[in-house]
Amino acid sequence: MRIVFWLLDVNAEVRNEVPEVWLWGIDEKGERVLVVDRSYLAYFYAVIEEGFDPSNVVEEIKSAKAEYPFVVKTEVVERKFFGKPVKAVKVYCGNPDVTAKYASSFRRFEGIKDCLEDDIRYTMHYLIDNNVVPCGWHEVEVTEEKHGHDVQVDKIFIAESSPRFIEKAEAPALRILAFSTVYYSKEGSPKPERNPVIVISAVSNMGEEKQFVANEDKNDKPLLEAFIKHVGDFDPDLVVGFGTNEGDWHYLTERCKKLGIRLTVNRAETEPHTSVYGHVSLTGRANVDLLDFADEFQEVKVKTLENLADYLGVMKLENHATIEDVDFPDYWDDKNKRDALKKYSMENAKRIMGITDAILDFAMQLSSLVGLPIDQVGAAAVGFRVEWFLIKRAQKIGELAPRRMEQAYRTYTGGLVLRPEPGLHDNIAVLDFKSMYPNIMITYNLSPDTYISPNEPQPPPEDVYEAPEVGYKFRREPAGFYREILSYLIDVRQQIRAKMDTLDSKSGEHRVLDARQKAVKVITNATYGYAGWVGARWYIKPVAEAATAWGRHLIMNTIDMAKREGLKVVYGDTDSIFVKSEAEKVAKLSKEVYRKFGLEINPDKTYVRIFFTEAKKRYAGLLPDGRLDIVGLEVIRGDWAAVAKTVQEKVIEVILKEQSPEKAAKFVRQYIFELRQKKVPFHDLIIWKTLTKPPKKYAVKASHVEAARILAEKGWKLDVGDKVGYVVVIGKGRLYERVRPYILASYDQVDIEYYVSKQVVPAAARILESFGITEEQLSASKVVEKDTRTLADFLQS
DNA sequence: GCCTGGTCTCTACCC
DNA sequence: ACGGGTAGAGACCAGGCG
């Protein structure tokens, strides 16, 4: 019989010495199915030395049969490696776990140049070779198997053919469970061996809410058992949380162990286990951690669940109280507050479900585009997402995936940034090169396989593109790997967008296609960065270096052409120039640049008025619709207190809209006055900074590290990548000696004068100094204040 | 011992 | 664990200064 199913998750098993690929999915009728494919063998390639007879290698492998019992068969194949034809022996193994070991032995065999693709997981080879696509539909010939396994599905099938991919946009109706936990700890970061789970809130995408609460004596065993049962009863396809990969799953698993129960929440009666890219796998379900997708939202500086939900409009922050982790025990112990804690926990579960609604289409599209199952694609770093997409495309053209090589890290020259013309300008147009680096790579055929290294025989000059400044050469023909891939991506995105235009923008298909074009764009734009990444399988530094060299060449030529056209250039960064807007001249420039270089540069936006400081990469513009576009300045930085950001934004607004520095200065002084009265919320004084390495590795003392140390003393363990929120308090010595984690500080300890002189005034002066207003003028009363303080200090000591 | 200027470290930004 | 270019704050340190 034939079934059609949508692929949710994949894993491998070896049963009775037969390797099996398990495909977990949902069929057209909405039944949960497991399709087991026993027909697929693990393999790797032994690439043959040039001029060596592959059959000798085959013989050699055969004669070593005793040492390599899992070699099932060999096959001589033609492939390409960095574009060059190679012969290889494809070595099939009866056990997926031995390929890497065998490959490393075979590398020493005579006539074998290298072994490849032993580092690609069995399941990934399966998906790629059969064009089986996660979050995609497939049809497959199957026979139904008796339901003898301990797996939670409606039906189990044995595949009689390879699944065949079917183009179909929309996903089936999934069952989704969002959950959020509360742990009880008075000793700092909760630890599963000593601290109980006191609340788990769960929400389903059907709107069902369930809350599990510990007993009065904080016995959490019944709670956990009830939660496990609930997951089993609801049988979700997707389990979604926030920070679950690095937190909850480990905690809950260990907590259950400690209580003598097993956290069996997957479809195979096993416990959660950590898998590739540090993601936690729940066999048969997709475990999605929304924190993995938070990077997509650069505007959200401090990645908390609340902030992300607020940003996505899921649940407006101002209407809901946030309870800090440190306060959980108080809220539990105080019976009057306990309901608030329960409410907060349930709101968090709802936030998770809301965010899921907002990003799930994108996640699914990214998964199917890249080819990694949805639970993995989020956890995979950008470089690996690009790489899996490349591996998938490589297979289609017979290109072998290179191994990751240890290579020395060396930087290279990047984009060109112009010095801005400081001050105010009216009517400025921004001209942007459309997808500059991808298009450069396509146009000049920059690719690992078209690169001609200096020690190779050199083709005649008319057959190569030579990058300016750096002089690297690339074959004009045939099309390189990157050209193929990038043209494909750009084409596909155009097709999707054309299709979208024919659809009702509220339709399901439109929404799915929009998510897909976003996923395509993300991968397209990340390809240049991938090309310059030392860790990349296809890393060839000259490829990335040539791309930026062409970029500089293009932008410099464009500036010259603009000037000749009579356009005044006031700024530019990498792929853009800012010019005094003159529609006809701009149009003519675009045309000429296209004619000369074959790349498109078009007006992106126009500023009614724009302001530059002396610094590059920092400016603020007024858009025709009245919105402000602020770039690089403190307003959009996460490591400045809100007081400074609020004031600077207001100053910018007054300057751009009313061109009145005096009014702006007056506002600043008024704000400072109120700040000194402590009329601004305490939260607006918090400064957030990321811990970028373990505290011990810092070469110099730093405020946020010191704040983290204070928290650690109290038992609150912070990890690399965590944001530390601190305030500056009154005291002596260096700044780092005067910081406190905000959750441990009170308003009356705060050193307001620090916020005046080091936050608000500098942020405001950054703008106002161009108009002749000094820091002193902004903090006029500072002098008096300072003297008073000095006097007070004097009297004290 | 304190101030000053130069350099280094650190973070977060732009594209 | 995708690239380089850049600003700005604060730590740190050597040298000046009777």
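- Rounded to whole Å, atom P of dC14(B) lies 13 Å from atom CD1 of I610(A).
- For Y409(A) and dG4(C), the shortest distance from a side-chain N or O to OP1 or OP2 is below 4.0 Å.
- OP1 or OP2 of dG4(C) has not a single side-chain nitrogen or oxygen of T548(A) nearer than 4.0 Å.
- Residue K693(A) is in sugar-phosphate contact alone, with no base atom involved, counting any heavy-atom pair closer than 4.0 Å across all strands shown.
- When ring centroids are compared, F612(A) and Y571(A) come within the 6.0 Å threshold.
- Between the P atom of dA9(C) and the CD atom of Q759(A) lies a distance of 10 Å, rounded to the nearest Å.
- For the pair R419(A) and dA7(C), the criterion of a side-chain N or O lying under 4.0 Å from OP1 or OP2 is not met.
- Within the structure, every side-chain polar atom (N or O) of R637(A) is placed at least 4.0 Å from both OP1 and OP2 of dC13(B).
- G532(A) comes within contact range of the sugar-phosphate backbone alone, with a heavy-atom separation under 4.0 Å but no base atom that close.
- Ring centroids of W688(A) and Y742(A) are separated by less than 6.0 Å, placing the two rings close together.
- Rounded to an integer number of Å, the gap from CD of E737(A) to C1' of dC12(C) is 13 Å.
- Under 4.0 angstrom from either OP1 or OP2 of dC14(B) there lies no side-chain N or O belonging to T574(A).
- Counting non-hydrogen atoms under 4.0 angstrom, L416(A) reaches nothing in the nucleic acid.
- Summarising the geometry, the separation between OH on Y619(A) and P on dC13(B) is reported as 15 Å, rounded to the nearest angstrom.
- Across the protein-nucleic acid pair, W533(A) atom CH2 and dG3(C) atom C1' stand 12 Å apart, rounded to whole Å.
- Here the C1' atom of nucleotide dC14(B) and the CZ atom of F612(A) are 13 Å apart, to the nearest Å.
- At a threshold of 4.0 angstrom between heavy atoms, the contacts of G632(A) are confined to the sugar-phosphate backbone, with no base atom among them.
- A salt bridge is absent between R637(A) and E634(A): the closest approach of a Lys/Arg side-chain nitrogen to an acidic carboxylate oxygen does not fall below 4.0 angstrom.
- In terms of phosphate contacts, H704(A) brings a side-chain nitrogen or oxygen within less than 4.0 Å of OP1 or OP2 of dT11(B).
- Aromatic rings of Y736(A) and H704(A) (six-membered ring for Trp) have centroids beyond the 6.0 Å cut-off, not under it.
- Within 6.0 Å of NZ on K723(A) lie more than 12 heavy atoms contributed by other residues, nucleotides or ligands.
- For the pair E387(A) CD and dG3(C) C1', the interatomic distance rounds to 15 Å; values are reported in whole Å.
- What separates CG of D639(A) from P of dC14(B) is a distance of 12 Å, to the nearest Å.
- Contacts of T413(A) with the nucleic acid, taken as non-hydrogen atoms under 4.0 Å apart, involve only primed sugar atoms and P, OP1 or OP2.
- Using a 4.0 Å heavy-atom criterion, one finds that S703(A) contacts no nucleic acid atom at all.
- In this structure, Y277(A) contributes its side chain and F384(A) its backbone to no donor-acceptor pair below 3.5 Å.
- Residue contacts for Y698(A): at a heavy-atom cut-off of 4.0 Å it reaches the sugar-phosphate backbone alone, with no base atom in range.
- At dC15(B), none of the side-chain N or O atoms of Y571(A) fall inside 4.0 Å of OP1 or OP2 (strictly under the cut-off).
- Using a 4.0 Å heavy-atom criterion, one finds that A381(A) contacts the sugar-phosphate atoms exclusively.
- Nucleic acid contact for A544(A): none, since no nucleic acid atom lies under 4.0 Å from a heavy atom of the residue.
- OP1 or OP2 of dA12(B) lies within a sub-4.0 Å distance of a side-chain N or O belonging to K723(A).
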